[in-house]
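Convention: sequence-line order gives letters A, B, ...; per-chain numbering from 1. Predicted model only: the values in this text are computed from it and were never measured.
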Protein chains: 2
Amino acid sequence: MAVTIKDVAKKAGVNASTVSRAIKDSSEISDKTKAKVRKAMHELGYRRNAAAQVLASGKTNTIGVVFPAVNDKESQPFYMKILSSINETARDYDISVAIATGHTVAQLKKQVELQYSEKRVDGFIVLYAGKSDPIREYLLNNKIPFVLVGTPSDHKNEITHVDNDNMLLGREAVHHLVDLHHENISFVTDTTQGEVFEERYHGFKDEAQRYGINEKLLVMDRDFSVTNETALVVIDDVLALKVVKQLTSQGLRVPEDISIITYNNSIFTTIIHPYLTTFDINIEQLGATAVKKFLDLRDEEEKLPEKTIIPFQLIERETTKARI
Amino acid sequence: MAVTIKDVAKKAGVNASTVSRAIKDSSEISDKTKAKVRKAMHELGYRRNAAAQVLASGKTNTIGVVFPAVNDKESQPFYMKILSSINETARDYDISVAIATGHTVAQLKKQVELQYSEKRVDGFIVLYAGKSDPIREYLLNNKIPFVLVGTPSDHKNEITHVDNDNMLLGREAVHHLVDLHHENISFVTDTTQGEVFEERYHGFKDEAQRYGINEKLLVMDRDFSVTNETALVVIDDVLALKVVKQLTSQGLRVPEDISIITYNNSIFTTIIHPYLTTFDINIEQLGATAVKKFLDLRDEEEKLPEKTIIPFQLIERETTKARI
DNA sequence: CTGAAAGCGCTTACAG
DNA sequence: CTGAAAGCGCTTACAG
């Protein structure tokens with residue numbers, strides 16, 4: 001059988017409770033005893049039994065990661081990347097990760113409820129925002145600790161969340177383009193829903209007006225085309241790829257005739273030339289911060305909800321160019 | 001506090017052990033008693049405590065999913081998709097999923113070892129093949145149950161694995177192209193490593209020779225170009241995208257001048273036109289089957305290793321056309 | 001078909 | 001600073 005705390009205790013000549021305390025490096029235990037215990041653990045190759053620890057302590061030390069209930073999550077590199085980041089950060093804190101996925105919100109909610117009620121997780125990191133999500137409601141109503149990656153459209157003040165500053169992201173795109181002497185800039189999107197669109201576009205518009213620049217909102221469709229724009233801000237990488245393709249087939253050269261700047265710095269930016277100039281949103285840090293905030297929330301009584309802003313960087317590649 | 005098996009027992013007027021048996025629908029228990037127990041469970045809103053069950057039964061009922069120790073896993077939609085499929089299939093069997101990720105093989109191996117030795121998982125599903133992987137060695141040496149998605153290059157006979165028939169995939173591409181009257185076909189790849197390349201190319205070559213078709217192997221690089229080919233088989237979607245781009249910029253039209261057929265049917269096939277003709281490899285079924293095979297392996301004594309072949313489908317889109 | 005009891009491997013007041 | 005004991009919520013031989 002596997003070696004237990006009792007075996008270690010016997011070998012070290014102490015009580016099992018002492019071993020338990022020594023393992024968690026309790027300040028109650030003398031250094032001498034700790035050393036003895038550590039030696040015994042080592043010699044026997046002791047490994048804790050996770051289930052026993054959970055049962056006795058009441059803490060699961062695992063976080064549930066909730067993916068959106070849509071099929072297109074597979075296509076967005078964001079999710080796999082943040083999952084890795086969450087998992088690796090969690091491991092550093094000796095925390096495990098469980099996942100909740102589903103094709104429908106109902107399925108997903110069921111899995112979330114089950115994970116919590118069967119005491120498999122201490123709480124959740126939710127990887128999507130959007131409006132009035134039943135799962136968020138459930139978590140909120142039951143006072144289950146969770147942190148959201150993104151910006152919720154409601155209950156902003158009650159939800160600990162971590163996100164980029166999307167408004168600033170909108171501003172900075174304009175700022176960069178203005179630096180390159182562009183004066184006719186449109187914002188291109190394929191959706192007008194959601195906080196991401198709203199904030200990026202808001203920032204874009206605001207900054208454009210501040211500079212006295214011509215700006216428009218273009219919604220991508222089959223017969224998308226531009227008029228007198230010399231630069232475009234595109235809401236994400238995938239759409240930017242389509243935009244480049246469309247413009248190219250209309251005889252416009254990117255970036256010679258028109259500059260493009262976009263967001264996320266996903267794999268899509270560097271599959272085919274011209275490689276896209278884009279803002280990197282630091283997914284790794286989003287994930288790592290979400291874990292830390294979650295642990296704060298779980299461990300501190302009366303911890304107030306807070307928003308954490310993760311910085312971004314402009315990655316200049318081949319789709320932006322100064323006007324002469 | 002949460003309601004336990006004891007509370008249910010009291011309410012139903014039976015012993016806790018009876019409740020335990022009733023819950024797992026043991027044939028030892030009378031239907032009448034089961035009904036009583038179920039009623040009590042329902043009224044009290046009983047939920048099992050996962051940790052207690054694990055500790056008492058010795059089964060964790062969770063599978064560890066091992067991702068490759070590379071950074072580019074984020075860019076391949078395959079991983080997120082198969083993870084969802086594994087998670088959703090597992091849930092149907094009342095099984096949880098844990099994940100193991102890492103930037104280096106050492107990190108990854110450490111997490112795998114920890115998960116197993118701390119009894120967090122019953123075994124693993126490994127999402128990559130490749131040659132002589134230390135993690136695979138570890139699992140094999142310690143007789144830890146695992147199934148591999150893909151085809152290992154060694155120990156084939158000792159490892160339960162699930163994969164597509166890559167050789168057949170190579171053949172079928174040629175077959176389809178020959179049906180479209182193509183007679184000069186090359187195979188395009190960016191790597192000559194790994195079972196996937198070897199088998200797809202092997203099948204391709206074999207079938208081309210069988211038909212007496214001109215065939216060549218082209219390795220993609222900066223100055224990639226074709227000579228007299230009228231059709232190309234490209235090893236995966238992402239590379240196909242690059243190939244299309246390259247050919248287009250050389251003045252060749254796809255599919256009018258040259259047909260392209262590729263593999264995987266990932267998101268990359270339908271971002272920009274021409275949409276790629278591709279083989280769908282049924283990732284959902286790969287994942288679901290991996291879970292089922294894992295459970296067989298875990299539960300049946302002396303279960304022999306086996307390979308399961310998952311079927312594929314040709315998805316005709318815009319990059320293939322008959323020669324006139 | 002059901003019950004009583006021991007046990008899974010930890011943690012944590014309580015006592016000293 | 002350390003030990004003895006109870007307990008976390010299940011499962012599972014054993015007995016009847």
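At least one donor-acceptor pair under 3.5 Å links the side chain of A:Gln115 to the backbone N or O of A:Ile99.
The distance from atom CZ of B:Arg21 to atom C1' of D:dT12 is 7 Å, rounded to the nearest whole Å. A straight line from CD1 of A:Ile23 to P of C:dT11 spans 7 Å, rounded to a whole angstrom. Atom NZ of B:Lys10 and atom P of C:dA4 are 13 Å apart (whole Å). The separation between A:Leu55 atom CG and D:dC8 atom C1' is 4 Å, rounded to whole Å.
In this structure B:Lys34 satisfies the side-chain hydrogen bond (donor to acceptor under 3.5 Å, both in side chains) test together with B:Asp25, sequence neighbours excluded. For B:Glu118, the side-chain hydrogen bond (donor to acceptor under 3.5 Å, both in side chains) partners at least two apart in sequence or on another chain are A:Arg48, B:Arg120.
Counting any heavy atom pair closer than 4.0 Å across all strands shown, B:Val54 reaches no nucleic acid atom. When heavy atoms are screened at a 4.0 angstrom cut-off, B:Ser20 is found touching base atoms of the nucleic acid.
Taking only side-chain atoms of B:Ile5, from C-beta outward, the nucleotide of C:dC8, D:dC10, C:dT12 with the closest atom is D:dC10.
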* **Candidate pair A:Tyr128 and A:Asp133, rule side chain to side chain donor-acceptor pair (under 3.5 Å), full reasoning** => CA-CA 9 Å; A:Tyr128 61 93; A:Asp133 174 42; 2.8 Å; yes
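For B:Lys6 and D:dG9, the shortest distance from a side-chain N or O to OP1 or OP2 is not below 4.0 Å. Of the side-chain N and O atoms in A:Gln53, none sit less than 4.0 angstrom from OP1 or OP2 of C:dG9.
Shown here for A:Thr160 and A:Pro305, the closest heavy-atom pair between the two residues is OG1-CA, 3.2 Å. Scanning both residues, A:Ala52 and B:Leu55, for their nearest heavy atoms gives CB-CD1, 3.8 Å.
A distance of 7.5 Å separates CD1 of B:Ile29 from OG of B:Ser17, quoted to the nearest 0.5 Å. For the atom pair OG (A:Ser30) and NZ (A:Lys36), the distance works out to 7.5 Å, reported to the nearest 0.5 Å. Annotation: the span from B:Asn164 atom CG to B:Ile309 atom CD1 amounts to 8.0 Å, rounded to 0.5 Å.
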Polar atom pairs (N or O), protein with nucleotides 5-7 of chain D, under 3.5 Å:
none

* **Secondary structure string for DNA chain C (Watson-Crick or G-U under 3.5 angstrom, | for other-strand pairs)** => |||.||||||||.|||
Throw together a table of side-chain donor-acceptor distances under 3.5 angstrom for residues 80-87 of chain A, partners on residues two or more places apart or in other chains.
| residue | atom | partner | partner atom | Å |
| --- | --- | --- | --- | --- |
| A:Ser84 | OG | A:Met80 | O | 3.0 |
| A:Ser85 | OG | A:Glu284 | O | 2.7 |
| A:Ser85 | OG | A:Ala288 | N | 3.3 |
| A:Asn87 | ND2 | B:Thr101 | OG1 | 2.8 |
| A:Asn87 | ND2 | B:Gln111 | OE1 | 3.3 |

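Ionic pairing of B:Lys292 and B:Asp92 is not present here: no N-O contact between side-chain nitrogen and carboxylate oxygen is shorter than 4.0 angstrom.
Within residues 25-50 of chain B, the residues having any heavy atom closer than 4.0 Å to DNA chain D are, in order of number, B:Tyr46, B:Arg47, B:Arg48, B:Asn49.
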